[in-house]
Asks: 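Here you go, one structure.
Lettering follows sequence order; numbering is per chain, from 1. Atoms considered below: every heavy atom in the structure, side chains included; atoms not considered: hydrogens, waters and symmetry mates. Note that the structure is predicted; figures quoted are calculated from it, not measured.
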There are 2 protein chains.
Amino acid sequence: MTPLQPRNANVLAFHIENTSGLTPYLQLVQQITHALRLGHLKVGDRLPTVRDVAAKVAINPNTVLKAYRHLEVQGLLVSRPGRGVFVAKELAGPSAHDQASLRRALLRWLSQAEDAGLDAEGMQALFANTVRQFIQDQAEAS
Amino acid sequence: MTPLQPRNANVLAFHIENTSGLTPYLQLVQQITHALRLGHLKVGDRLPTVRDVAAKVAINPNTVLKAYRHLEVQGLLVSRPGRGVFVAKELAGPSAHDQASLRRALLRWLSQAEDAGLDAEGMQALFANTVRQFIQDQAEAS
DNA sequence: AAGGGTGTCATAGGTCACTAGGACAATAGC
DNA sequence: GCTATTGTCCTAGTGACCTATGACACCCTT
């Protein structure tokens with residue numbers, strides 16, 4: 001049986017948004033990548049079964065397989081036939097302390113944005129736009 | 001000739017990213033929508049020519065047309081054959097003052113994130129994750 | 001040895017997005 | 001009127017992605 005570590009169950013809340021415009025398997029890739037980057041998944045952790053994910057998010061098992069394979073090619077996952085799919089490599093991310101600090105600061109900003117009347121899309125728009133400006137300024141400063 | 005207002009030239013810097021996973025015409029839709037939401041485009045402003053955009057970002061004119069039509073259906077744009085495509089409606093966004101304030105706060109946060117070693121993807125991951133948490137908390141608090 | 005759970009593969013079909021190339025209609029300026 | 005520019009449309013073709021269904025190979029437990 002070897003049930004999943006309960007930790008994963010909470011963190012890996014797979015979800016498919018049909019309105020995002022992003023193709024389903026790439027949505028899964030992105031969610032797993034984010035979990036790896038934020039330290040929610042550690043090397044050796046086992047991911048949910050292909051069939052389980054497919055049933056949960058209501059897509060075809062082949063689509064889930066495609067997402068897993070995509071990450072396996074990048075060396076982030078390893079799939080062992082008959083056993084499951086496991087994390088093979090973690091992504092560089094902030095330390096737990098820094099992450100908590102950044103998250104708190106971001107939550108304060110979100111409250112401020114909400115008070116200004118922004119909805120989720122507005123926040124996303126402003127963030128995307130500002131990040132773009134930030135990156136561009138960095139490049140010019142070099 | 002009625003050249004474009006120089007304002008648009010700087011703000012509407014169309015760009016197609018092949019790595020984003022988002023389909024090209026939706027990338028244009030998103031960029032225009034963001035510009036509308038942030039007040040970079042005003043009612044009556046003229047958008048770049050279908051053929052101009054197609055040439056600039058190296059995609060087919062039909063793809064640009066699809067993006068424009070997508071926004072026209074939503075009542076955000078109006079296309080006048082022989083004249084061009086114009087902004088028909090603006091989207092609710094923060095006031096100029098609030099926007100400037102939010103942008104400054106966000107820039108500070110980005111500097112902090114950069115100091116913590118995050119790259120653009122890491123920032124994006126943390127933002128997406130935190131927004132999701134924020135929205136969820138809002139829903140539960142109702 | 002037997003069974004169940006797992007990853008994997010193959011086939012076939014459908015939908016959607018993009019491309020290429022050309023042509024037409026409306027508008028503005030000469 | 002003529003011409004250039006603009007939005008619009010059409011056809012055909014290509015490719016990516018997803019689905020449904022079934023089957024196989026591997027591993028572990030019993």
Asks: Let me know the distance between CG of L65(B) and C1' of dC24(C), rounded to the nearest Å.
Replies: 14 Å
Asks: Please give, in whole Å, the distance from dT6(D) P to L47(B) CG?
Replies: 13 Å
Asks: Could I get a table of every N or O pair under 3.5 Å where one atom is in the protein and the other is in nucleotides 18-22 of chain C?
Replies:
{"residue": "dC18(C)", "atom": "OP1", "partner": "T23(B)", "partner atom": "OG1", "Å": "2.5"}
{"residue": "dC18(C)", "atom": "OP1", "partner": "P24(B)", "partner atom": "N", "Å": "2.7"}
{"residue": "dC18(C)", "atom": "OP1", "partner": "Y25(B)", "partner atom": "N", "Å": "3.2"}
{"residue": "dT19(C)", "atom": "OP2", "partner": "N60(B)", "partner atom": "N", "Å": "2.9"}
{"residue": "dT19(C)", "atom": "OP2", "partner": "T63(B)", "partner atom": "OG1", "Å": "2.7"}
{"residue": "dA20(C)", "atom": "N7", "partner": "N60(B)", "partner atom": "ND2", "Å": "3.2"}
{"residue": "dA20(C)", "atom": "N6", "partner": "N62(B)", "partner atom": "ND2", "Å": "3.2"}
{"residue": "dG21(C)", "atom": "O6", "partner": "N62(B)", "partner atom": "ND2", "Å": "3.2"}

Asks: Please write out each protein N/O paired with an N/O of nucleotides 26-28 of chain D under 3.5 Å, distance rounded to 0.1 Å.
Replies:
none

Asks: Checking side-chain polar atoms at under 3.5 Å, does Q99(B) have a donor or acceptor matched by the opposite partner on R103(B)?
Replies: yes
Asks: Is any side-chain heavy atom of I32(B) closer than 4.5 Å to a side-chain heavy atom of F14(B)?
Replies: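 Counting from C-beta outward, I32(B) and F14(B) do come under 4.5 Å.
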Asks: Specify whether H70(B) and Y25(B) have parallel, tilted or perpendicular ring planes, treating 30° as the upper limit for parallel and 60° as the lower limit for perpendicular.
Replies: perpendicular
Asks: Any donor-acceptor pair under 3.5 Å linking the side-chain atoms of R108(A) with those of Q112(A)?
Replies: no
Asks: What does R51(B) touch in the nucleic acid at a heavy-atom separation under 4.0 angstrom: a base, only the sugar-phosphate, or nothing?
Replies: base
Asks: List in chain and number order the residues that pass salt bridge (Lys or Arg N to Asp or Glu O under 4.0 Å) with E121(B), two or more places apart in sequence or in another chain; answer none if no residue qualifies.
Replies: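 Result, salt bridge (Lys or Arg N to Asp or Glu O under 4.0 Å) vs E121(B): R37(A).
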Asks: For R69(A) and dC18(D), give me the distance from atom CZ to atom C1', rounded to whole Å.
Replies: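 From R69(A) CZ to dC18(D) C1': 16 Å.
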Asks: Apply side-chain contact (heavy atoms from CB on, under 4.5 Å) to the pair M123(A) and E114(A), showing each step before the final yes or no.
Replies: CA-CA 8 Å; M123(A) 299 172 188; E114(A) 191 184 35; 4.2 Å; yes
Asks: Using the rule that two of Ile, Leu, Val, Met, Phe, Trp, Tyr join whenever any of their side-chain heavy atoms come within less than 4.5 Å, decide whether V131(A) and L38(B) are in one cluster.
Replies: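 Hydrophobic grouping puts V131(A) with L38(B).
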Asks: Is the distance from OP1 or OP2 of dT6(C) to the nearest side-chain N or O of R46(A) less than 4.0 Å?
Replies: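 So the side chain of R46(A) is within the cut-off, an N or O lying under 4.0 Å from OP1 or OP2 of dT6(C).
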Asks: Taking atom P of dT15(C) as reference, at what distance in whole Å does atom CG of N18(A) sit?
Replies: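 Distance check: N18(A) CG to dT15(C) P gives 17 Å.
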Asks: Take atom CG of L77(A) and atom P of dG7(C), then tell me their distance rounded to the nearest Å.
Replies: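 After rounding, the gap between these two atoms is 11 Å.
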Asks: Within the pair S79(A) and dG7(C), is there a side-chain N or O less than 4.0 Å away from OP1 or OP2?
Replies: no
Asks: Measuring from atom CD1 of I16(A) to atom CD of Q31(A), what distance do you get when rounded to the nearest 0.5 angstrom?
Replies: 6.0 Å
Asks: Give, for atom NZ of K66(B) and atom OG1 of T23(B), the distance between the pair rounded to the nearest 0.5 Å.
Replies: 7.0 Å
